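For the numbers below, each heavy atom of this structure counts, side chains included, while hydrogens, waters and symmetry mates do not. Only a predicted model underlies this, so the values are computations on that prediction, with no experimental measurement involved.
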Amino acid sequence: MISGLCVVDVHADTTTINGITWTFFISDGHAEIGSLDSKTTAVPKTTVGAISIPSTLRGYSVKRIWNYAFSGCSGLTSVTIPSGVVTIDREVFYNCSGLTSVTIPASVKYIHNSAFSGCTSLSEVRISDLTAWCKIAFTNPLANPVYYAHKLFLNGSEVKDLGIPAGLSEICDYAFYGCSGLSSVTIPESMTRIGNFAFYGCDSLSDADGDGYFVENGWLLGCRSDAADEINRLDEVVKIGDSALSGCRNLKRLEFSGASKLETIGTAAFKECTELQSMTLPPTLRQIGDAAFMGCSYLGNVVIPGGVAAVGVRAFENCTGFTSVLMEYGVESIGEECFYGDWQVSEVDIPSTVTSVGLKAFGGDSSIVRISIRGDVFRVSDVFSNYAHIQEATVKVGQGPLVYDLFYKCAALEDVYFQGDAPSLPTSPSMYSGTPSTLATHVETSSTGWDGTVGSHALPQQWPVTGASRRSIAREEPKKCLCQFDLNAVGLDAIDTYQQSEQKIVMPPEPARNSYVFDGWWTKPSGGLRVTEQTIFIEGVYDRVWAHWQEGPSEDPTNVEFSFGGDAPWTIPLPFVAATAPYRRERTQQTEPVPEFPS
């Protein structure tokens, strides 16, 4: 025997124990139940009643149950798997329709595709070690016998109040899938991951607020089929498990308040939540998993907080209802096909903190007409090439050369605005190849290098373009962006300020209002995220912010006074109605002009 080689006896062997003939083969010094041809079952298909699989066969310990080993043995009623078995292969108990009970030892680590498919009579799954059960790698829901049994028995007693053992850090995929017998779950502080659909279909879990969503120790675990259209206890949630609410058709609103502690949205957490229409993600969020919101086709917009280091692969794929996608300063990575789909967003602003954009991140039949690329992300090729609708692009020049095909075949591109000094170019540039001959280039007045040469390339004359108009450069002042501070009161216009993109917001003086206490500036008239002097302005994210007010001692029952920074107040007679519309109509009742502030 050569050391390190797997020795397999390809010839099936048989032995009879207690009147039952067992078929097996030897592999690498242990026995595997069944046959390599996957045609001969481990026991005759006529076998009926309860059986216990032997722990040894001809002196070899049994470690694996081979594919289809008991497939079609419909007369079996109970199966006990011995300690020592590590792997239960695919469709091992396929269509064992009479099977009512199965005992699985702590040694089992892997149960493969559809191992218990068709075991429709199962009512008991018996285990002796809960930690070992949580670690089993189930390949799909039908690999888990609880799918049919709906009950789990630990050392002879049905598990209703599930206490996950202290120290356990992960619950594997599908671990309690369909376990409707569970009434409560306790999650330890040590938990770092709850796998895909781990608690899917656990419809009897207790729910303190009656909204149909299961929240335990900071984890959002899942929902009942009759769940409400919004979750009441989101401020308690720190982590949302993989596939926790996948396919939850009732969920319509997902609004995290300023008190939220949410850090993680797991893989496919809200996948195919097709009724989800609005959501506000909190600044505490750090991770959006792969396919997290895939297929949320009614979702109208999204603001990705700056604390999110990476937005996962296909995280928002086929969110076809999007009208705006806004990324705050701080986002670093956008995964492949992240926003892929037939969506109606017309503008995309990528902050300078983004250093990686995956292939086809904004692909599909996109309607993007304006993009702003503010960092070195434009080194990545094939990000916006072949985008048929792009008309305007803003590029912040960083270190290193432009990629050779940044705007390749952008047939509608009319204007490109460069911020910063002239870049270097790749050896064989084709950045403008396939763009219109009328395309115009704009640079800032204070920038340098555009009229000279960088390396061996003259700029812009050596760009591989045709048409004299493309070679003309218009010098302009840096663009400033409108940011409106809304007092959140009927009859008052917003205060206009002009901000520099990706700089800290210049705040107006703090407003005052009699009978109320100012509670800061926020991104929505009610709720939203707080805006402070440390907030980095991003065009499209902070175009309008709103004052929030808390009721205070009444000073004048007949009028409402406003003032800024000690200036003379202006008065509005009561009745006063708090604003609800996102944009204000013309002022109608003020007696003092709204102060103007320098940009």
Side-chain angles (χ1 to χ4, degrees), residues 49-55 65 70 76-88 92-93 96-111 115-116 119-138 141-191 193-195 197-208 214-217 219 221-225 241 244:
I51 64 170
S52 295
I53 298 174
S55 59
I65 305 176
F70 298 93
L76 295 179
T77 58
S78 173
V79 173
T80 299
I81 299 171
S83 179
V85 170
V86 175
T87 302
I88 300 173
V92 164
F93 297 99
C96 288
S97 56
L99 189 63
T100 61
S101 175
V102 62
T103 299
I104 298 178
S107 58
V108 171
K109 295 181 179 180
Y110 310 99
I111 304 182
F116 292 89
C119 296
T120 54
S121 297
L122 267 174
S123 59
E124 296 180 357
V125 177
R126 297 185 174 275
I127 64 173
S128 59
D129 188 323
L130 189 56
T131 296
W133 178 264
C134 291
K135 292 181 178 180
I136 293 177
F138 297 100
L142 292 172
N144 189 339
V146 174
Y147 178 91
Y148 289 110
H150 307 302
K151 297 177 182 179
L152 186 67
F153 290 81
L154 177 63
N155 295 320
S157 299
E158 183 182 352
V159 178
K160 293 186 177 180
D161 299 311
L162 175 63
I164 302 299
L168 190 65
S169 61
E170 180 178 4
I171 299 174
C172 284
D173 298 349
Y174 313 109
F176 299 94
Y177 191 106
C179 194
S180 56
L182 292 180
S183 59
S184 70
V185 178
T186 302
I187 305 294
E189 296 292 340
S190 56
M191 189 61 57
R193 179 182 181 267
I194 295 179
F197 297 105
F199 292 93
Y200 185 86
C202 297
D203 280 358
S204 298
L205 282 177
S206 59
D207 169 24
F214 316 130
V215 179
E216 163 58 30
N217 197 19
W219 285 88
L221 302 178
C223 66
R224 293 198 308 263
S225 57

**Request:** Can you sort out the partners of Pro141 under side-chain contact (heavy atoms from CB on, under 4.5 Å), two or more places apart, ordered by chain and number?
**Result:** Tyr147, Tyr174, Tyr177
**Item:** CZ/Phe197: more than 12 non-hydrogen atoms of other groups inside 6.0 Å
**Value:** yes
**Prompt:** For the side chain of Ser190 and the backbone of Gly167, is there at least one donor-acceptor N/O pair under 3.5 Å apart?
**Reply:** yes
**Message:** Working to the nearest 0.5 angstrom, can you tell me the gap between Asn144 CG and Ile104 CD1?
**Reply:** 7.5 Å
**Message:** Give me the atom names and distance for the closest heavy-atom approach of Cys172 to Ile136.
**Reply:** CB-O, 3.2 Å
**Message:** To check you understand the geometry: which heavy-atom pair defines the closest contact between Ile127 and Leu152, and what is its length?
**Reply:** CD1-CD2, 3.9 Å
**Message:** Do Ser184 and Asp161 pair up side chain to side chain, a donor and an acceptor below 3.5 Å, judged on atom types alone?
**Reply:** yes
**Partners meeting salt bridge (Lys or Arg N to Asp or Glu O under 4.0 Å) with Glu158 (sequence neighbours left out)** = none
**Prompt:** What are the two closest heavy atoms between Phe176 and Cys202, and how far apart are they?
**Reply:** O-SG, 3.2 Å
**Request:** Taking all heavy atoms of Arg193 and all of Glu170, pick out the closest pair and write down the distance.
**Result:** NH1-OE2, 2.8 Å
**Fill in**
Between the OH atom in Tyr148 and the OG atom in Ser97, the distance rounded to the nearest 0.5 Å is 10.5 Å
**Asked** Is there a donor-acceptor contact under 3.5 Å from the side chain of His150 to the main chain of Gly178?
**Response** yes
**Item:** Separation between CG of Leu76 and CZ of Phe93, rounded to the nearest 0.5 Å
**Value:** 8.0 Å
**Item:** Under 3.5 Å: donor-acceptor pair, side chain of Thr77, backbone of Thr100
**Value:** no
**Request:** May I ask you to decide if Ser52's main-chain N or O and Thr80's side chain share a donor-acceptor pair within less than 3.5 Å?
**Result:** no
**Message:** How about OH on Tyr110, more than 12 heavy atoms from neighbouring residues, nucleotides or ligands closer than 6.0 Å, or not?
**Reply:** no
